[in-house]
Amino acid sequence: MTTDAAAESPWAPLAARVFRALWIAQLVSNVGSWMQTVGAQWLLVGDSAALVTLVQTASSLPVVLLALPSGVVADRFDRRVVLVTAQFAMLAVSGALAVLAFLDALSPTALLALTFLLGCGTALMGPAWQAIQPELVERERLGQAAALGAVNMNLARAVGPALGGAVVAAAGAGWVFAFNAASYLGIAAVLLLWRRPAAAAVPPAGNEGLLAALYAGRRYVWNAPGVRRILLRTLLFIPGGAALWALLPLTASRSLGLGSGGYGLLLGAVGIGAVGGAFLLPRARRLLGANGTLAAGALVFAGVLAVLATVHVPWLVALALLPAGLAWIAVLSTLNAAVQTRLPGWVRARGLAVYLLVFQGGQALAAPLWGAVADWLGLSACLLIAGGAMLLSAASVRRWPLRDAEGIDPAPSDHWPAPPLVFEPGEADGPVLVSVVYRVPADRQAEFTDRMHRVARSRRRTGALSWGLYQDGHDPERFVENYLVSSWAEHQAQHHVRLTATDRRFEEEARALLTPGTAPEVTHAFDTTAGPAIRRP
């Protein structure tokens, strides 16, 4: 294989030693998680559909509640410490599940409560895990790394459910819970042995408090159109996709008459399809592009849900689940890679937390809804309705496609010169009004104001509370940009941490239209009503 071919291989990120070790450890952990899911769902399968689907809700709902705070934690503290802490916390909870199961004291309430606590550990881990990926592989391989993450999950899905079903049938649910508890040790060991560069362990978020950090993350996402579009596409796909995972145990037991082992084999078929899809995914992306991949994945999922609703032959259903795995990995790896490549390091975990909130929250809210619909209208009707939702998702790609990521460079850019102030402000001083004066000839003013809209989003993403561009009524070639930042510390963060190469390009494109021989004039004014007493030089 040539060097270029190796770089394009879907397995190329595995050449990185730490990524490879974590991938293997994660595979073992994911097998344990799928074994536990089968054990938990099968303990409740004799109850109502709504109760069975609550297993998925209990594991996903914590992300809705904790994703954003977890993103702040991952941006403010050493991400490796956060991940190791989450591993040992989940080990303790899984151990408690195993003990209660062995004692035959695991009630549905305790099962769901402990599953919820495991979900809390997953919520704490999620943003930090996603945020360290650019430290493990090159940026150009993040798409392949995201696909390998999906392959990992689906390899586990191919093995874990079948293994879990067999263990539950042969020895009881306690043993699958015990294996899951032990599986967290591998990830913890690799993380503890990882020699992470000291600079990477320094949190880039500064000294901002929890609420300020939450607001900064929300502000960034709101002012990043490309990230918002990824969230919309996720929101349009996940509810219909959640129906497969929420209703498959009911399909196995009620429609197909299968036991826990048969249910595990159905989940394994999804996993096998996903692993096979990893080989086809690079070619599919080249042929269809990102948006074509999203549309095709939704159409395939709609067809699979229709088969589950109408076909009652186990081997035919298993065959239909193979392309479901391919579609799932295609859509999720496309969305995950898209969001990874757009987020700068200082807010990466918080941006990914919002993505995980939409992804997991959509599943958590949709699962009980599908369970209630299945109890009300019947399982087949519910699956057909979910298939209709996937058709709408496919149709909406033309109206709301993913935005092109070409030219997006989230690398930090410390290109602003130090402000020439005559006194040294304190970090808490402010709000700070930053004014930038431009001179623009009349024939360039329309294009200049158009380009400044992208600069406006840059200012807001990186800290501006408000922004405005004004034309001087006495001198029409004079434009004044004003934006307000909450404190001097926030503005310093703009200078040295938050600006990216893309922000710099937007500024340069706007300033290329200025009157030749002129340069912007920047001033900083401090709010004397909210800050300290007036200073004199």
Side-chain angles (χ1 to χ4, degrees), residues 18-43 55-63 65-67 69-70 73-74 77-107 109-132 136 149 152-153 155-157 159-161 163-164 167-168 171-194 196 349 353 356 360:
V18 178
F19 181 88
R20 182 174 65 251
L22 280 174
W23 192 89
I24 294 170
Q26 186 190 25
L27 177 62
V28 176
S29 182
N30 284 337
V31 168
S33 296
W34 277 108
M35 291 174 66
Q36 173 155 310
T37 297
V38 170
Q41 288 183 321
W42 209 254
L43 285 177
V55 172
Q56 183 172 343
T57 300
S59 61
S60 300
L61 185 59
V63 177
L65 303 176
L66 300 177
S70 297
V73 169
F77 301 101
D78 187 329
R79 289 164 183 160
R80 177 170 60 176
V81 173
V82 173
L83 290 169
V84 171
T85 301
Q87 298 308 304
F88 284 109
M90 290 188 286
L91 185 154
V93 174
S94 291
L97 270 170
V99 170
L100 289 174
F102 285 133
L103 296 175
D104 200 21
L106 188 58
S107 66
T109 300
L111 174 61
L112 292 174
L114 290 170
T115 301
F116 179 85
L117 290 178
L118 276 177
C120 291
T122 301
L124 177 62
M125 177 182 172
W129 183 269
Q130 295 284 346
I132 67 169
L136 305 177
N152 191 301
M153 176 61 74
L155 270 174
R157 184 182 283 122
V159 176
L163 183 59
V167 171
V168 170
W175 286 104
V176 298
F177 299 148
F179 179 87
N180 188 48
S183 71
Y184 295 114
L185 292 172
I187 294 178
V190 175
L191 289 169
L192 289 171
L193 293 172
W194 175 24
R196 190 182 184 203
L356 291 172
Q360 295 284 7

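Note that these values count all heavy atoms, side chains included, but never hydrogens, waters or copies made by symmetry.
Annotation for Phe116 and Pro62: closest pair O-CG, 3.3 Å, computed over non-hydrogen atoms. When all heavy atoms of Met90 and Thr122 are compared, the closest pair comes out as SD-N, 3.7 Å. In plain terms, the two heavy atoms of Ala181 and Gly95 that are nearest each other are CB-N, 3.8 Å. Shortest non-hydrogen contact noted between Pro127 and Ala353 is CG-CB, 3.8 Å. Closest approach of Leu66 and Ala123 over heavy atoms only: CB-CB, 3.9 Å. Closest approach of Leu356 and Gln130 over heavy atoms only: CD1-CG, 4.5 Å.
Val167 is not listed as a side-chain neighbour of Phe179, based on a closest heavy-atom distance of 4.5 Å or more. Annotation: side chain of Val82 is in contact with side chain of Leu124 (closest heavy-atom distance under 4.5 Å).
For the side chain to side chain donor-acceptor pair (under 3.5 Å) test, no residue two or more places apart in sequence or in another chain qualifies with Ser33. Qualifying side-chain contact (heavy atoms from CB on, under 4.5 Å) partners for Val81, counting only residues two or more places apart in sequence or in other chains: Asp78, Thr85. Under the rule for a ring pair (Phe, Tyr, Trp, His ring centres under 6.0 Å), Trp129 has no partner lying at least two apart in sequence or in another chain. Applying the ring pair (Phe, Tyr, Trp, His ring centres under 6.0 Å) test to Phe88 and every residue at least two apart in sequence or in another chain returns nothing. In this structure, the side-chain contact (heavy atoms from CB on, under 4.5 Å) partners of Val18, at least two apart in sequence or on a different chain, are Leu22, Leu136, Trp194.
Interatomic distance, Leu112 CG to Leu106 CG, rounded to the nearest 0.5 Å: 9.0 Å. The distance from atom CD of Gln36 to atom OG1 of Thr115, rounded to the nearest 0.5 Å, is 6.0 Å.
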Please list every donor-acceptor pair under 3.5 Å in which a side-chain atom of residues 182-190 meets a protein atom from a residue at least two apart or in another chain.
unit_1 : atom_1 : unit_2 : atom_2 : d
Ser183 : OG     : Asn180 : O      : 2.6
Tyr184 : OH     : Asn180 : ND2    : 3.2

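Side chain of Arg79 to main chain of Ala128: no donor-acceptor pair is present (N/O by atom type, distance under 3.5 Å, no hydrogens or angles).
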